[in-house]
2 protein chains.
Amino acid sequence: MSPAGTTEATPDLPRMAAWQRFLRAHARVTELLERELAAEQGLPLGWYDVLVQLSNAGGRLRMHDLARAVLLSRAGLTRLVDRMAAAGLAGREPCADDRRGTFVTLTPAGQERLRAAAPVHLRGVQEHFARHISPGEAHEMSAVFDRILAAIESRH
Amino acid sequence: MSPAGTTEATPDLPRMAAWQRFLRAHARVTELLERELAAEQGLPLGWYDVLVQLSNAGGRLRMHDLARAVLLSRAGLTRLVDRMAAAGLAGREPCADDRRGTFVTLTPAGQERLRAAAPVHLRGVQEHFARHISPGEAHEMSAVFDRILAAIESRH
DNA sequence: ACGCAATCGTTGCGCGTGCAACCAGAATAA
DNA sequence: TTATTCTGGTTGCACGCGCAACGATTGCGT
């Protein structure tokens with residue numbers, strides 16, 4: 001996606017310029033990171049993200065929570081976990097106290113794969129994103145994005 | 001996509017936090033804008049973007065240039081233009097001086113559709129993005145994104 | 001001039017996604 | 001209890017995308 005209120009006469013040009021570059025930067029960086037991780041580790045970015053979230057959660061997470069953490073619809077996550085389970089990187093366990101729930105688990109193979117992929121990905125983020133930002137700018141951007149997210153997520 | 005070097009011990013936490021929020025903010029905002037434009041105008045964001053780019057270019061643009069402007073592969077753009085042409089919003093013209101090229105043109109119906117959709121989209125960007133950014137922050141973010149984009153696009 | 005590489009746009013193909021419908025289990029109310 | 005509603009996860013379906021391969025045209029090298 002890349003909508004752009006480019007030249008239409010709006011009162012706030014600087015903000016619209018920021019919006020435009022925001023979109024381009026996101027597209028280019030994620031595209032590049034995806035490519036690098038796939039080339040060096042044969043791992044899609046979405047898979048890596050699932051592995052990270054599972055690892056951070058201690059090895060198991062319910063589908064619903066994982067879907068929210070991973071910015072994916074529940075349907076999409078179902079299929080993604082199918083693939084990762086088929087590859088041996090994740091597993092499913094029934095949830096005892098809520099019998100309609102399912103836990104997704106991080107298998108040893110998944111841990112190993114994450115361990116191998118993390119440095120590659122982190123290097124990419126450093127090289128293509130973080131490197132260009134001063135600590136002060138990082139704080140400022142975090143604050144801005146927090147305001148944006150808060151406004152959106154509070155419309156229940 | 002939403003990779004995240006969340007808790008791994010990296011020396012620069014603030015930058016990684018910015019990265020994480022950057023991804024979430026992009027996902028949420030574009031998702032919302034897409035939804036709003038579809039609901040109020042029955043127009044996908046990608047279509048709107050094409051209309052804007054054509055309009056800014058004076059009504060005609062070659063496939064290759066349009067694809068770059070619109071952050072889409074050439075194959076993807078071929079199909080998108082197919083759909084928009086079928087809907088009467090865009091047309092194709094052969095290119096005289098380079099006979100393998102094709103111009104995409106903005107039809108009157110396309111102009112009208114853009115005229116109707118622009119206020120909705122711009123309001124959305126204002127409401128969900130620009131509103132939360134001070135002019136100073138906007139400049140700073142533009143500068144940051146420019147550095148990021150320059151670094152990526154200069155790897156020929 | 002010729003041949004070879006590069007570029008433009010299109011097409012076949014497979015893949016990943018969201019939406020809506022669905023079923024099973026849980027929570028609330030009477 | 002039973003009826004109603006809500007939530008969690010999976011499935012059918014259609015759609016939009018990128019990749020790789022292709023035909024057509026252009027430009028470069030010699």
Side-chain angles (χ1 to χ4, degrees), chain A residues 1-3 26-28 30-39 42-50 60-87 90-105 156, chain B residues 1-3 26-28 30-39 42-50 60-87 90-105 156:
Chain A
M1 281 126 277
S2 98
H26 176 273
R28 296 301 184 209
T30 56
E31 175 188 5
L32 187 50
L33 291 177
E34 170 83 54
R35 226 179 269 278
E36 289 181 351
L37 194 59
L43 196 70
L45 212 46
W47 291 39
Y48 175 80
D49 198 10
V50 167
R60 38 172 16 198
L61 219 41
R62 294 201 32 183
M63 291 290 291
H64 188 272
D65 301 324
L66 184 52
R68 289 200 322 121
V70 129
L71 297 175
L72 211 60
S73 73
R74 264 164 284 138
L77 182 63
T78 293
R79 271 47 178 291
L80 178 51
V81 171
D82 285 347
R83 279 168 258 145
M84 293 183 65
R92 291 185 216 245
E93 284 180 13
C95 179
D97 35 320
D98 184 347
R99 285 168 47 203
R100 62 210 154 141
T102 310
F103 277 114
V104 186
T105 64
H156 68 106
Chain B
M1 276 128 282
S2 96
H26 175 273
R28 295 300 185 211
T30 56
E31 175 188 7
L32 187 51
L33 291 176
E34 171 84 54
R35 226 179 268 279
E36 290 180 350
L37 193 59
L43 196 68
L45 213 48
W47 292 38
Y48 175 81
D49 198 9
V50 167
R60 36 171 19 195
L61 218 43
R62 293 198 36 180
M63 291 290 291
H64 188 270
D65 301 324
L66 184 53
R68 288 200 322 121
V70 128
L71 297 176
L72 212 60
S73 73
R74 267 165 286 137
L77 183 62
T78 294
R79 270 55 178 283
L80 178 51
V81 171
D82 286 347
R83 279 168 260 147
M84 294 184 66
R92 289 185 217 245
E93 285 180 12
C95 178
D97 35 320
D98 184 346
R99 287 166 46 201
R100 62 209 154 139
T102 310
F103 277 113
V104 186
T105 65
H156 71 104

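Along DNA chain D, the nucleotide nearest Arg35(A) and the nucleotide nearest Asp82(A) are compared for position; the residue whose nucleotide lies closer to the 5' end is Asp82(A). The residue among Ser73(A) and Asp97(A) whose nearest nucleotide of DNA chain C is located toward the 5' end is Ser73(A). Residue-to-nucleotide proximity on DNA chain C shows that, of Trp47(A) and Asp65(B), the 5′-proximal contact is made by Asp65(B).
For the side-chain contact (heavy atoms from CB on, under 4.5 Å) with Val50(A), the lone residue among Leu72(A), Leu66(A), Leu61(A), Leu45(A) that qualifies is Leu66(A). None of Asp82(A), Leu80(A), Val81(A) except one satisfies the side-chain contact (heavy atoms from CB on, under 4.5 Å) rule with Met84(A); the exception is Leu80(A).
Counting any heavy atom pair closer than 4.0 Å across all strands shown, Arg79(A) reaches a base atom. Using a 4.0 Å heavy-atom distance criterion, Thr78(B) is classed as a base contact. Arg74(B) comes within 4.0 angstrom of a nucleotide base, judged by non-hydrogen atoms across all strands.
When DNA chain C is scanned in the 5' to 3' direction for atoms under 4.0 Å from non-hydrogen atoms of chain A, the outermost contacting nucleotides are dG16(C) to dA26(C).
Here Arg62(A) reaches the OP1 or OP2 of dG9(D): one of its side-chain N or O atoms lies under 4.0 Å away.
Overall bending of the helix from dA1(C)-dT30(D) to dA30(C)-dT1(D), expressed as the angle between end axes built from five pairs apiece, is 30° (10° steps).
With dC19(D), dG8(D), dT10(D) as the candidates, the nucleotide lying closest to the side chain of His64(A) is dG8(D). The side chain of Arg100(A) lies closest to dT7(D) when the candidates are dT10(D), dT7(D), dG16(D).
The shortest distance between side-chain heavy atoms of Leu77(B) and His64(B) does not fall below 4.5 Å. Inter-residue side-chain proximity for Arg62(B) and Asp98(B) is flagged as met; some heavy-atom pair is nearer than 4.5 Å. Using a 4.5 Å cut-off on side-chain heavy atoms (C-beta onward), Arg28(A) and Glu31(A) make contact.
In this structure, the CZ atom of Arg99(B) is 18 Å from the P atom of dG23(D), given to the nearest Å. The nearest whole Å value for the distance from the CZ atom in Arg83(B) to the C1' atom in dA14(D) is 12 Å. Here dT10(D) presents its C1' atom at 18 Å from CZ of Phe103(A), a figure rounded to the nearest Å. Rounding to whole angstrom units, CG of residue Leu66(A) and C1' of dT10(D) are separated by 15 Å.
Once rounded to the nearest 0.5 Å, the distance linking CZ of Arg68(A) with CZ of Arg74(A) reads 10.5 Å. Of the inter-residue distances, the one linking Leu43(A) atom CG with Leu37(A) atom CG reads 5.0 Å to the nearest 0.5 angstrom. Remark: Cys95(B) SG to Met63(B) CE distance equals 13.0 Å, nearest 0.5 Å.
Considering all non-hydrogen atoms of both residues, Pro94(B) and Phe103(B) come closest at O-CD1, 4.2 Å.
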